[in-house]
Amino acid sequence: HPINYKYPITTQLLNRGLPNCAQEGNEHFRSGRYAAAMASYTRAIESMRLSSGCEVDTVSGTVMGGRDAAVCYANRAATRLMAAGDATGVKNNEKKTVDTSWEETRAALADCRAALRADAGFDRARLRAGTCLVRLGAFAAAEAEFNALLSGGGGGNDDGTKSAEARELACETARAR
C-alpha cells in the first residue's frame with residue numbers, strides 16, 4: 001500500500017511560523033529524498049517542542065499534543081518506513097541491512113505512538129502503526145490496531161477511506177498470521 005503522508009498544516013501552526021520545515025518535508029518526501037524529509041519533520045517537531053515549552057521525556061515518551069504535532073510525527077514515520085524499504089532490505093536500488101530496516105521500522109512505530117499520544121484520534125497514525133507492526137512480524141498486534149480503528153477506537157476522524165483501508169489491512173494481516 002502506498003503511504004499517504006501529507007496532511008494539511010493547521011492555521012495554528014502557520015501562525016507560529018513553523019510550517020516551512022513541515023512543508024519542506026512534504027516536498028522532500030514527494031521527491032523521494034527521505035533522509036532530507038526526515039530531517040525537516042524532525043526540525044518541525046523540535047520547533048514545536050521549543051515553542052510550546054514541552055520537554056520530551058524519553059522514559060515516559062511524553063510529547064506535546066495536538067494535530068500539528070501528530071501530523072509531523074506521522075509524516076516522519078512515513079519517511080522512516082520508506083527509508084526502511086521493503087522486507088528484503090532493498091529500496092531505490094540501495095542496499096540496506098536487515099538490522100537497519102528493522103531499526104528504521106521500530107523508530108517509525110515509536111513516531112506513530114508519539115503521534116497517537118499527541119492526538120489519539122489521528123487515524124492515519126494508527127494505520128501506519130499497524131503497518132509498522134506487520135513489517136516487524138507482530139501480526140496480532142497489527143490486527144488489533146486495524147480493528148481498534150474499525151471499532152471506533154481511533155477517535156472518529158475517518159472520511160470512509162481509512163475504515164476501508166483498515167478493513168482490508170486487518171483481513172490481510174489475519175491471513176498472514
Side-chain angles (χ1 to χ4, degrees), residues 1-10 13 18-49 56 61 63-94 96 98 100-138 141-142 145-146 148-149 154-155 157-159 161-166 168-170 172-173:
H1 293 282
I3 295 175
N4 181 353
Y5 66 93
K6 186 178 178 191
Y7 278 87
I9 302 299
T10 66
L13 185 61
L18 300 176
N20 291 340
C21 292
Q23 296 297 359
E24 181 181 273
N26 291 346
E27 290 299 319
H28 288 309
F29 189 97
R30 272 193 286 277
S31 299
R33 295 185 307 269
Y34 303 121
M38 192 180 324
S40 294
Y41 294 131
T42 299
R43 281 193 307 277
I45 291 165
E46 183 64 12
S47 295
M48 281 185 269
R49 186 189 66 77
V56 177
V63 298
M64 66 267 167
R67 178 56 53 101
D68 291 327
V71 167
C72 287
Y73 278 113
N75 285 357
R76 187 170 71 177
T79 65
R80 291 183 191 280
L81 285 171
M82 295 302 288
D86 64 14
T88 64
V90 178
K91 182 67 180 174
N92 295 334
N93 298 322
E94 191 178 287
K96 298 277 185 184
V98 173
T100 301
S101 294
W102 181 269
E103 289 167 14
E104 285 294 342
T105 303
R106 290 188 60 79
L109 179 59
D111 277 347
C112 292
R113 297 291 187 228
L116 290 167
R117 283 191 304 275
D119 182 349
F122 193 38
D123 292 341
R124 178 57 57 186
R126 188 167 307 284
L127 282 171
R128 202 160 284 149
T131 299
C132 291
L133 290 164
V134 166
R135 285 192 181 186
L136 294 169
E145 286 289 350
F146 300 137
L149 195 149
N157 66 347
D158 185 12
D159 61 3
T161 59
K162 290 179 210 71
S163 287
E165 186 176 354
E168 180 182 338
L169 290 169
E172 287 176 14
T173 303

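If you're wondering where the values come from, they're calculated on a predicted model, not measured in any experiment. One-based numbering along the sequence shown. Computation of the quantities below employed the complete heavy-atom set of this structure, encompassing side-chain atoms and omitting hydrogens, waters and symmetry-equivalent molecules.
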>> Evaluate Val71 against Phe122 for side chain to side chain contact (heavy atoms under 4.5 Å, CB included), listing each step before the verdict.
In response: CA-CA 8 Å; Val71 167; Phe122 193 38; 3.9 Å; yes
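- Every residue meeting the side-chain hydrogen bond (donor to acceptor under 3.5 Å, both in side chains) condition with Arg33, not counting sequence neighbours, appears here in chain and number order: His28, Ser31.
- Residues Arg80 and Asp111 approach most closely at NE-OD2, 2.8 Å, considering heavy atoms.
- Atom OH of Tyr73 sits about 12.5 Å away from atom CG of Asp68, to the nearest 0.5 Å.
- Taking both residues in full, the closest heavy atoms of Ala74 and Ala125 are given as CB-CB, 4.4 Å, listed atom of the first, atom of the second, then distance.
- Within the 3.5 Å criterion, the main-chain N or O of Gly85 finds a donor-acceptor partner in the side chain of Arg135.
- Using a 4.0 Å cut-off between a side-chain N of Lys or Arg and a carboxylate O of Asp or Glu, Glu103 and Arg106 do not qualify as a salt bridge.
- Looking at residues two or more places apart in sequence or on another chain, you find no side-chain hydrogen bond (donor to acceptor under 3.5 Å, both in side chains) involving Thr105.
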>> Could you walk me through whether Arg128 and Asn75 satisfy the side chain to side chain contact (heavy atoms under 4.5 Å, CB included) test, starting with their C-alpha distance in whole Å, then the side-chain angles of each, then the deciding distance to 0.1 Å, before giving a yes or no?
In response: CA-CA 10 Å; Arg128 202 160 284 149; Asn75 285 357; 4.3 Å; yes
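- Under the rule for a side-chain hydrogen bond (donor to acceptor under 3.5 Å, both in side chains), the partners of Glu145 that lie at least two apart in sequence or sit in another chain are Arg113, Arg126.
- Summarising the geometry of Cys112 relative to Ala77, their closest heavy-atom pair is SG-CB, 3.7 Å, with the distance given to 0.1 Å.
- Across all their heavy atoms, Cys72 and Ala22 have their closest contact at SG-CB, 4.1 Å.
- Between Ala142 and Gly130 the shortest heavy-atom distance is CB-O, 3.4 Å.
- Contact record, Gly25 with Ala37: O-CB, 3.4 Å, taken as the closest heavy-atom pair.
- Under 3.5 Å, the side chains of Ser40 and Arg43 contain a donor-acceptor pair of N or O atoms.
- You'll find the side chain of Tyr41 reaches within 4.5 Å of the side chain of Thr79, heavy atoms only.
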